[in-house]
Amino acid sequence: MKAMKVLALNYITFVVVVMSMAGLYSCSTDYMAYDVELKDGIYFASDSLNYQFGMQKGEDFAYDMTVRVLGTPKDHDRVFGVELVADETTAKEGLHYELSKSFIIPANKIIGKISFVLHRYLDPEITQHPFVIKMKLVENDDFRLVMGNECKLEFSDTELPRPRWWSERHFGPYSQMLMMDIYNYYWDLETTHPLLFERIVEEYGRNLEKAYSFPYQQEIAFIKYVITPAYEYYQEHPHPKVDLPDPSTLL
């Protein structure tokens, strides 16, 4: 009798386990079948981005917001929808940025981008405070919204402090824009006069970080190869922030 009870108990346990597994399998297949019918999701990789022009060379800079697909790659390009959140955007298109009009997830990919060109020098206000571009994703025939459907890009060109090597006698009043031009002409020496550049770097550093005042040991080289081309450029392209002395008066 005891053996029969144990056998019956084992049988009941077996039935419960089998039924539970069947239920789980049913739920799993039901979910899979339902999920296949859904459009792929799309979302921003980050909801907040910050960009500083810093010490980069140039006036216009490419920058991308990354979007990702929650789903599988397809064998064709897919368009995703995006809109500007106007009431939370302080930057002006054409003055502070340009926006690409193509919003594509390429074939066999699950990552796309919203591409901008950010303008550094068209609005002097960019040195005083950051500007904001806010975008939001929009559902369309290819994609549904799942999470993270808004992204804010904040960018600025906050004025860097005047470096120790800046000499008004040689460069005129300080401005970050002119400082970057001075750096760029200086860095050009690495290509045009590599031995001279190597000597200056050894003494003053690649970014002149070792210079505690104007690099007078290389004054002639700076006037000839850095200050003179900068002066000639701004003679042809005047800018209110730049008032370079005539290099011929410096020696």
Side-chain angles (χ1 to χ4, degrees), residues 49-64 90-92 94-98 116-132 153-251:
L49 302 166
N50 187 281
Y51 184 80
Q52 286 277 349
F53 294 108
M55 292 181 65
Q56 298 180 87
K57 179 180 180 179
E59 299 183 5
D60 300 317
F61 298 84
Y63 191 85
D64 297 331
T90 59
K92 296 180 181 179
L95 179 62
H96 302 113
Y97 73 96
E98 308 296 336
F116 300 88
V117 174
L118 305 179
H119 299 311
R120 184 175 195 171
Y121 294 134
L122 296 185
D123 183 5
E125 285 293 315
I126 203 169
T127 64
Q128 305 302 313
H129 59 83
F131 285 89
V132 171
L153 168 61
E154 185 173 277
F155 61 101
S156 67
D157 194 25
T158 305
E159 193 87 356
L160 296 172
R162 170 177 164 160
R164 294 171 301 190
W165 51 263
W166 190 272
S167 163
E168 290 204 4
R169 176 176 175 269
H170 294 86
F171 305 120
Y174 172 71
S175 75
Q176 179 175 299
M177 184 178 70
L178 179 56
M179 180 187 71
M180 291 310 307
D181 286 329
I182 296 300
Y183 268 127
N184 290 327
Y185 285 118
Y186 165 56
W187 290 328
D188 284 347
L189 292 176
E190 185 172 16
T191 301
T192 60
H193 298 81
L195 294 179
L196 172 62
F197 184 74
E198 186 178 337
R199 290 200 301 271
I200 299 175
V201 167
E202 184 176 354
E203 187 171 4
Y204 296 109
R206 183 177 183 83
N207 297 318
L208 301 177
E209 69 275 7
K210 299 179 184 178
Y212 288 89
S213 62
F214 182 82
Y216 282 100
Q217 297 297 324
Q218 298 293 342
E219 182 178 25
I220 293 175
F222 264 81
I223 291 172
K224 183 175 182 179
Y225 299 119
V226 177
I227 298 173
T228 296
Y231 175 80
E232 292 173 347
Y233 174 83
Y234 281 105
Q235 286 297 296
E236 295 182 10
H237 308 86
H239 193 282
K241 285 191 173 185
V242 176
D243 185 20
L244 269 165
D246 184 341
S248 66
T249 66
L250 298 177
L251 289 177

Just do the side-chain contact (heavy atoms from CB on, under 4.5 Å) check on L153 and Y97 with the steps written out, would you? CA-CA 11 Å; L153 168 61; Y97 73 96; over 6 Å; no

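- Annotation: the span from E59 atom CD to M180 atom CE amounts to 12.0 Å, rounded to 0.5 Å.
- Judged as a side-chain hydrogen bond (donor to acceptor under 3.5 Å, both in side chains), the pairs with a partner in residues 233-251 (not counting sequence neighbours) are, in order, D181-Y234, D246-S248.
- Between M179 and P163 there is a side-chain heavy-atom pair separated by less than 4.5 Å.
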Test side-chain contact (heavy atoms from CB on, under 4.5 Å) on L244 and L178 and set out the steps. CA-CA 9 Å; L244 269 165; L178 179 56; 3.9 Å; yes

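- Relative to the ring axis of Y174, R162 does not place its NZ or CZ within 45° and under 6.0 Å from the centre.
- Between Y183 and Y186, the ring planes are tilted. Angles from 30° to 60° get that label.
- The shortest side-chain heavy-atom distance between H96 and L118 does not fall under the 4.5 Å cut-off.
- In terms of heavy atoms, G94 sits closest to L122 at O-CD1, 3.8 Å.
- For E98, the side-chain hydrogen bond (donor to acceptor under 3.5 Å, both in side chains) partners are H119, not counting sequence neighbours.
- Here the closest heavy-atom approach between residue T158 and residue Q176 is recorded as O-OE1, 3.1 Å.
- Screening residues 197-211 for side-chain hydrogen bond (donor to acceptor under 3.5 Å, both in side chains) gives E190-R206 as the qualifying pairs, with residues at least two apart or on separate chains.
- Between the side chains of Q52 and S156, at least one donor-acceptor pair of N or O atoms lies under 3.5 Å.
- Partners of D64 by side-chain hydrogen bond (donor to acceptor under 3.5 Å, both in side chains), not counting sequence neighbours, listed by chain and number: S115.
- Note: D157 CG to Y121 OH = 6.0 Å, rounded to the nearest 0.5 Å.
- Taking both residues in full, the closest heavy atoms of W166 and I182 are given as CZ3-CG1, 4.4 Å, listed atom of the first, atom of the second, then distance.
- Considering only residues two or more places apart in sequence or on other chains, T90 meets the side-chain hydrogen bond (donor to acceptor under 3.5 Å, both in side chains) condition with none of them.
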Donor-acceptor contacts, no H, no angles, side chain residues 216-225, under 3.5 Å, sequence neighbours left out:
from	atom 1	to	atom 2	distance (Å)
E219	OE2	R169	NH1	3.4
E219	OE2	H170	NE2	2.8

Going through the distances and angles, do R120 and D60 end up as a side-chain contact (heavy atoms from CB on, under 4.5 Å)? CA-CA 6 Å; R120 184 175 195 171; D60 300 317; 6.0 Å; no

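- Side-chain contact between E125 and F131 is present, with at least one heavy-atom pair separated by less than 4.5 Å.
- Taking all atoms of both residues into account, the shortest heavy-atom contact from W165 to A211 is CB-CB, 3.9 Å.
- Each of F155, Y51, F116 was scored for a ring pair (Phe, Tyr, Trp, His ring centres under 6.0 Å) with Y63, with one residue passing: Y51.
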